[in-house]
Amino acid sequence: MTYVRNFTDVDDKINAKAAETGRAIREITDETIGWYHADMDALGALRPTQEPRATDWIGAMVAMIGRLVAQGHAYAAEGHVLFRVRSYAAYGALSGRSVDDMIAGARVEVAPFKEDPMDFVLWKPSGPDLPGWDSPWGRGRPGWHIECSAMARELLGDTFDIHGGGIDLTFPHHENEIAQSACAHPEGLFARTWLHNEMLLVKGKKMSKSLGNFFTVRDLLDQGVPGEVIRFVLLSTHYRSPMDWTEKKRAEAEAVLRKWRGLVAGIEPAPSPAPAVLEALGDDLNTAGAIAALHGLAAAGDAAALRASAEVMGLLTDDLSEWFALTNGKTWTFETDSGFVGFDRLIDPYLRRWSDLRRRKDFVAADALKAMIERAGVRLMVTPDGPDAERLASFDPAKLEGIE
RNA sequence: GGCGGGUUGGCGGAGAGGUUACGCAGCGGAUUGCAAAUCCGUGAAGACCGGUUCGAUUCCGGUACCCGCCUCCA
């Protein structure tokens, strides 16, 4: 499999930031790409085979635009090059629109140099203060849509299997990609299948930069939400359904993962994932259904199959296990004034005292001690193996020291 | 206004024209000094109105509401 994911590094927002800060565009985009990679790694997302940047493929874009102009599918006007929508009969097929209907309902002023209001920009002029590349139509920069068509052709050929993207990009972006590619290289099919994911919501509205109602993966990680928990929440809804990120989902996901990680600890994964899980994933990537199947394996106590099946979804992997190891009771190590101490060593004296009180059936004192310790973020409990302590999220070693 | 998608039990969330989704919460029980955790069991649904069908939450039509898109923003 070849997986290509491109970075758009020709963008007016980036240009504006460069102008504002005096930093080089490449420096800015290197930095943001680094952030992106770090976040995706934290979620356990695999890196694509290739990650082309638009600025590395300007030549291919200029060549494709030239081809479109030569074939009459595009025209130059006032330093711009525009795609002639009327020259591609199937325009609108993906999004189910017709050019005439859209023009009828158009609410926006149309640039005077356009032959048709729906024509879109392939190339636009750059002034001396903006990044630009030489082209047959003067110094300028590409419109957004052409980069995808040009890079897809260079890296994947005229026909490839799946084109992904958010459903909000169906029109005009993906429609325009199809028009460009189909006209420049009619011998190919461009994308055989379109895989559109629904939107991530915040209180019922699309999360987007322009609405300002967004938070990032990094924000969640910084709040202490493990990447694996974020991953689980994202996989718990089918990709074609919109999803609201909520604190309740976070808590449920964490509880499930804690339970499952406890279940598979020290268990070797089965040789292959459970058929029910593969079947769900094979049916239009039904991750929610696959997770339901994982619950079935957990309920049946089949830890080996649970582990193998979860791992195929990037869950319960060693790579994402650190949060669990760090916060799972006894193996947790933390820093105090007297250096690094294991959770069990610190809690041991209190646990002993509580056990003594219980043995003597002094339940009033035992309960009082338990309550105080719980205020420090440690829950005492009786397990089949004897008394034990669980670290809570609110654990604060400093509060433990004052307890008598 | 146009196009696309949605509306499932208290909450989250799938599939399938007829037989338990699943998870969380709830309820009952086991266990526990009490709890927690765990285990067993269990009630609860498919916006509204029509149609097709032996049978529809699932197919078709309409209504209401919600979301997305309709821009030289990517």
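Each chain gets a letter, A, B and so on, in the order the sequences are listed, and its residues count up from 1. The shown structure was predicted, so the numbers you read here are calculated from the model rather than taken from an experiment.
- Side-chain to base pairing of A/Asp244 with B/rG12: no donor and acceptor N or O lie closer than 3.5 Å to each other.
- When the C1' atom is compared between B/rC48 and B/rA25, the two are found 29 Å apart, to the nearest whole Å.
- For A/Ser241 and B/rG13, the shortest distance from a side-chain N or O to OP1 or OP2 is not below 4.0 Å.
- Proximity note for A/Lys259 (side chain, C-beta onward) versus B/rC70, B/rC39, B/rG15: the nearest is B/rC39.
- Here the separation of B/rC49 from B/rG1, taken at their P atoms, is 25 Å to the nearest Å.
- Scanning atom types as modelled, no donor and acceptor separated by under 3.5 angstrom connect the side chain of A/Arg240 and the base of B/rG5.
- For A/Phe113, the side-chain atoms get nearest to B/rC72 when compared with the rest of B/rC72, B/rC67, B/rG33.
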Inset, instruction - For the pair A/His185 and A/Arg153, evaluate side-chain hydrogen bond (donor to acceptor under 3.5 Å, both in side chains) and give the outcome as yes or no after the intermediate values. - result: CA-CA 9 Å; A/His185 296 282; A/Arg153 173 172 161 81; 3.0 Å; yes

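- Checked against B/rC22, B/rC73, B/rG68, the side chain of A/Ala292 finds its nearest nucleotide in B/rC22.
- Salt-bridge check for A/Arg192 with A/Asp161: passed, with a basic side-chain N closer than 4.0 Å to an acidic carboxylate O.
- Distances shown here put every side-chain N or O of A/Lys249 at or beyond 4.0 Å from the OP1 or OP2 atom of B/rG23.
- A distance of about 25 Å separates the P atoms of B/rG68 and B/rC60, rounded to the whole Å.
- When distances are taken from the side chain of A/His295 to each of B/rC22, B/rA36, B/rG13, the shortest belongs to B/rC22.
- B/rU19 and B/rC59: their P atoms are spaced 15 Å apart (whole Å).
- Listed nucleotides: B/rA36, B/rA74, B/rG33. Nearest to the side chain of A/Trp354: B/rG33.
- Comparing the C1' positions of B/rG10 and B/rA45 gives a spacing of 11 Å, expressed to the nearest Å.
- Residue A/Lys114 contributes atom NZ, which lies 8 Å from atom C1' of B/rU71 at whole-angstrom precision.
- Separating the C1' atom of B/rU31 from that of B/rU38 is a span of 9 Å, rounded to the nearest Å.
- An anti base is found at B/rG6: its glycosidic angle is more than 90° from 0.
- Considering only heavy atoms from C-beta on, A/Arg23 comes within 4.5 Å of A/Glu31 through its side chain.
- Rounded to a whole angstrom, the distance from the P atom of B/rG9 to that of B/rA44 is 14 Å.
- The side chain of A/Arg358 lies closest to B/rC34 when the candidates are B/rC34, B/rC73, B/rC69.
- Using a 4.0 Å heavy-atom cutoff across all strands shown, A/Leu380 reaches at least one base atom of the nucleic acid.
- Within 6.0 Å of atom CD in A/Glu322, 12 or fewer heavy atoms from other residues, nucleotides or ligands are found, so the atom counts as exposed in its surroundings.
- Here the nucleotide nearest the side chain of A/Phe171, chosen from B/rC69, B/rA74, B/rG33, is B/rC69.
- Residue A/Ala288 has its side chain nearest to B/rG13 when only B/rC72, B/rG68, B/rG13 are considered.
- In this structure, A/Arg358 satisfies the cation-pi test against A/Trp354, with its NZ or CZ atom closer than 6.0 Å to the six-membered ring centre and inside 45 degrees of the ring normal.
- Rounded to a whole Å, the CG atom of A/Leu263 is 9 Å from the P atom of B/rC39.
- Here, B/rA47 and B/rC34 have their C1' atoms 46 Å apart, quoted to the whole Å.
- Open room surrounds CZ on A/Arg352; 12 or fewer heavy atoms of other groups in view lie less than 6.0 Å from it.
- Of the candidates B/rC24, B/rA36, B/rC72, the closest approach to any side-chain atom of A/Lys124 belongs to B/rC72.
- If you check B/rG68, B/rA14, B/rG33 against the side chain of A/Lys205, the one that comes closest is B/rG68.
- Counting to the nearest Å, the P atom of B/rG4 and the NZ atom of A/Lys206 are 19 Å from each other.
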